[in-house]
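Notes follow the structure.
As the structure is a computational prediction, the values presented were derived from the model and not from experiment.
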Amino acid sequence: MRIGVSILFSISLLFSCTNENDSKEAISQSKKSWQKEAVAFLSNQDGLLTFGSINMDLLLKKIIKDSDLGSSGLIPMSMIDDYTDCIDTKYPIYFAVRDPKQSSNNPESIVFGKIIDADALVETIKLDAPLLNIEKEGEIKYLLDGELKIAINEQYFVALISDEESKKTSKQKLNQIFKELNSKQNNQDIDDIFSHSKDFTFAINSAAMSNYSAKMMGSSLTPIDEEFNALVAIHLSFDKGSIKVSGKNYPSKEMESWNIFRKDSKSLLSTLGSGNPVGAIAMNIDVEAYERLQKKYFPQSIANTIQDSGLDDAFKDYIPDNFAVIEALIKKEGMNSFINGGFSAAVYADDGIHSEYSLHLGIGPSLRPVLADELEYYKDLFYQFDLNDNKLSIYSSGNNGPQSQDTPLTIAKRFSTFGNDPISGFIDLERLPLEGIIPEYADPFMAILSNCIFNASMKEGAFILNMKNKEINSLTQICNQIPKLIMGSIL
C-alpha cells in the first residue's frame with residue numbers, strides 16, 4: 001500500500017541525487033534563474049505572510065544517501081524514487097503563505113518547484129490519489145480536489161491549499177501564479193534572503209502577519225503600513241560537525257534606528273563568577289534607547305495604547321491590573337532608576353556532578369528596596385548575596401564567587417566569541433551535568449553533541465550546535481541514531 005494521498009505529503013519526503021554529468025556551472029546559473037522567478041512571484045504578493053525554500057537535493061544526501069536511515073527500510077524509497085524521477089530536486093522547492101484579503105479569512109498556502117516530466121508527475125500523483133479529477137486546458141493540467149489544487153505545465157508544478165471554491169476560481173488563481181513566476185518584479189530583500197539560503201529558509205513579513213492576526217482576532221487596530229515593516233529571515237543549515245540556525249532582520253528605513261541593544265556584552269563578563277563555567281549568557285540592553293522609542297511611539301503610555309487599541313476584552317484581561325500604575329511610576333522616575341540593562345548568568349560544574357551558578361542583574365536605586373523585601377527570605381541560601389543601588393549579584397558557591405586576581409574567569413578558546421554581541425552565550429554540553437534531567441530516549445542524540453554557541457544583535461543572530469564528530473555531516477549523524485532508537489524501543 002503506497003503512503004500518501006497528495007503531492008504535498010510527498011514533497012515533505014522528496015530527495016534526489018544530483019546528476020553527476022551536469023555541469024556545476026550550468027546548474028548554478030539555472031538555480032539563479034529559478035531563484036529570480038521565485039522572487040518575482042513573491043514580490044507580486046500584496047498579502048505575503050511567510051515564505052521560504054527547501055533544498056531537497058542536499059537533504060537527500062544528508063538524510064538518505066549518506067546515513068544508516070536510508071538503508072534501514074524505514075523510509076518509503078519506492079515512492080520517493082517515483083517523485084524524484086519527475087520533480088527536479090536539483091532546484092529548491094519554494095513555499096509561501098498569503099492572506100487572500102477579502103476572499104477568505106483563512107490563509108492560502110502555495111508550494112512550487114521545477115519538474116522533469118509533467119506526464120510522469122501526473123501519473124505518479126494518480127497512484128496516490130486515484131480519485132483525483134484531472135483536466136487539461138492548453139499546456140496546463142489541473143488536479144482539483146476540494147482545498148487542494150495542483151497545476152502542472154512543462155516547467156513547473158504549483159500546489160495551492162485554500163478554501164473550497166469553484167473550479168473556475170481555482171484555475172484563475174493557479175494561472176496567475178504561473179504568470180507571476182514569469183514577471184519582472186524583484187524585491188531586493190527577498191532576493192538577498194534566498195541568496196543566503198542553504199538547506200532550509202523561512203521568512204516572516206512582520207507587518208502583514210500583524211495585520212492578518214489583528215483581522216483574525218476581530219481587532220480594530222490601525223493596519224501597520226510598510227513604514228513599520230520588517231522581513232525576518234531564518235536559515236537552517238546542516239554542515240559537517242555542526243547545525244547552524246542564522247537569522248537576519250530586514251527593517252524598513254524607519255525601523256533601522258530601533259536598536260535597543262548596546263554594541264556588545266563584553267563589559268558584563270567581569271560580573272560573572274570566577275572559574276571555568278560550563279555555560280553562560282550575557283545581555284546588554286540600551287535602556288535610554290528603549291525610553292526614546294517608547295516616548296516617540298507610545299507618548300500616552302503602553303497601557304493606554306492597549307486599552308484604546310480595539311483589542312477584544314478577552315485579550316485585555318491578560319494585562320495585569322496594576323500595569324498602568326507600574327508604567328507611570330517607571331515613566332516618572334526613569335527606567336534607569338530601576339534597571340540599567342545589564343544581565344549575566346553562568347553555570348559551573350567543577351566536580352562534573354553538581355551544578356553551581358552566578359547571576360548578575362544591573363539595577364537602579366528605585367528597584368533595590370523592592371528586591372530587598374522580596375528576597376529577604378532567600379538571601380541566606382546563597383554563598384554570597386550582594387544588593388546595592390547598582391546591582392544584584394548572587395553566587396551559590398565559594399569556588400565560583402566574585403572574580404579577583406587569584407580567582408579569575410576562564411573561558412575556553414572554542415567560546416572566544418562570547419561577549420562579541422549584545423546577546424551572547426554558550427553551553428558546553430560535554431561538561432554539563434545532565435543525569436536525571438534528559439529523558440533516556442534522548443541519550444543517543446546527546447552523546448553526539450559537544451556544545452552550542454549563540455550570539456545576536458538587533459540586525460542578525462546565530463545559534464550553532466556543534467557535534468563531537470567534525471568530519472560527518474550533522475544531519476547524517478542524527479539520522480544514524482534513528483534506526484537504533486526505533487529498534488531499541490521495539491526490542
Nearest 0.5 Å, please: how far is [atom2] in [Y] from [atom1] in [X]?
X	Y	atom1	atom2	value
Phe200	Ile234	CZ	CD1	9.0 Å
Asp117	Ile152	CG	CD1	10.0 Å
Gln155	Ile116	CD	CD1	14.0 Å

Is the distance from the ring center of [X] to that of [Y] below 6.0 Å?
X	Y	value
Phe112	Phe157	no
Trp34	Tyr156	yes
Tyr383	Tyr395	no

Side chains of [X] and [Y] in contact at under 4.5 Å (non-hydrogen atoms):
X	Y	value
Phe454	Val245	no
Tyr91	Asp57	no
Phe194	Val39	yes
Tyr348	Pro277	yes
Ser265	Ser424	yes
Ile150	Leu174	no
Asn455	Phe463	no
Ile134	Lys126	yes

Polar side-chain atom of [X] near backbone of [Y] as donor-acceptor pair, under 3.5 Å:
X	Y	answer
Thr124	Ala120	yes
Ser237	Asp239	no
Glu180	Leu42	no
Ser242	Asn466	no
Asp351	His354	yes

Is it true that the side chains of [X] and [Y] contain a donor and an acceptor less than 3.5 Å apart?
X	Y	result
Ser252	Asn229	no
Tyr212	Asn205	no
Ser33	Ser30	no
Ser344	Thr271	yes
Asn400	Ser358	no
Asn175	Tyr142	yes
Lys173	Ser162	no

Is the [atom1] atom of [X] crowded by more than 12 outside heavy atoms at less than 6.0 Å?
X	atom1	answer
Lys36	NZ	no
Lys179	NZ	no
Gln176	CD	yes
Lys240	NZ	no

Please report the C-alpha distance between Asn55 and Asp199 in whole Å, then the side-chain angles of each, then the deciding distance to 0.1 Å, and finally whether the side-chain hydrogen bond (donor to acceptor under 3.5 Å, both in side chains) criterion is met. CA-CA 5 Å; Asn55 196 325; Asp199 291 336; 5.5 Å; no
Any chance you could lay out the side chain to side chain contact (heavy atoms under 4.5 Å, CB included) test for Met467 and Ile478, step after step, and finish with the verdict? CA-CA 10 Å; Met467 326 293 265; Ile478 293 172; 4.1 Å; yes
Assess the residue pair Ser53 and Ser197 against the criterion (side-chain hydrogen bond (donor to acceptor under 3.5 Å, both in side chains)); give the C-alpha distance rounded to whole Å, side-chain angles, the decisive distance to 0.1 Å, and a yes or no. CA-CA 8 Å; Ser53 65; Ser197 180; 3.1 Å; yes
Check this for me: does any side-chain nitrogen of one of Asp421 and Lys263 sit under 4.0 Å from a carboxylate oxygen of the other?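 Looking at Asp421 and Lys263, the cut-off is not met.
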Taking Asp119 first and then Lys141, would you say they form a salt bridge - that is, a charged N and a carboxylate O separated by under 4.0 Å? yes
Please report the shortest heavy-atom distance between [X] and [Y], naming the atom on each side.
X	Y	result
Leu269	Leu409	O-CD2, 3.5 Å
Asn420	Lys266	OD1-CE, 3.3 Å
Asp428	Asn451	CA-CB, 4.0 Å

Stepwise side-chain hydrogen bond (donor to acceptor under 3.5 Å, both in side chains) check, Glu430 with Ser450: CA-CA 5 Å; Glu430 295 187 64; Ser450 175; 2.7 Å; yes
Where do His235 and Ser246 land on the side-chain hydrogen bond (donor to acceptor under 3.5 Å, both in side chains) test, with the steps shown first? CA-CA 5 Å; His235 302 291; Ser246 60; 5.3 Å; no
Using a 6.0 Å distance limit plus a 45 degree cone around the ring axis, check whether Lys62 lies over the aromatic ring of Phe238.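 The answer is no, since Lys62 fails at least one limit relative to Phe238.
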Apply salt bridge (charged side-chain N to carboxylate O under 4.0 Å, His left out) to Lys248 and Glu460, showing your working. CA-CA 4 Å; Lys248 187 175 181 180; Glu460 58 189 359; 5.4 Å; no
For Phe415 and Phe426, take the angle between the two ring planes, folded into 0 to 90°, and tell me which bin it lands in: parallel under 30, tilted 30 to 60, perpendicular over 60.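 If you compare the ring of Phe415 with that of Phe426, the planes turn out parallel.
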Show your reasoning for whether side chain to side chain contact (heavy atoms under 4.5 Å, CB included) applies to Leu144 and Lys171. CA-CA 9 Å; Leu144 310 176; Lys171 290 177 182 178; 4.1 Å; yes
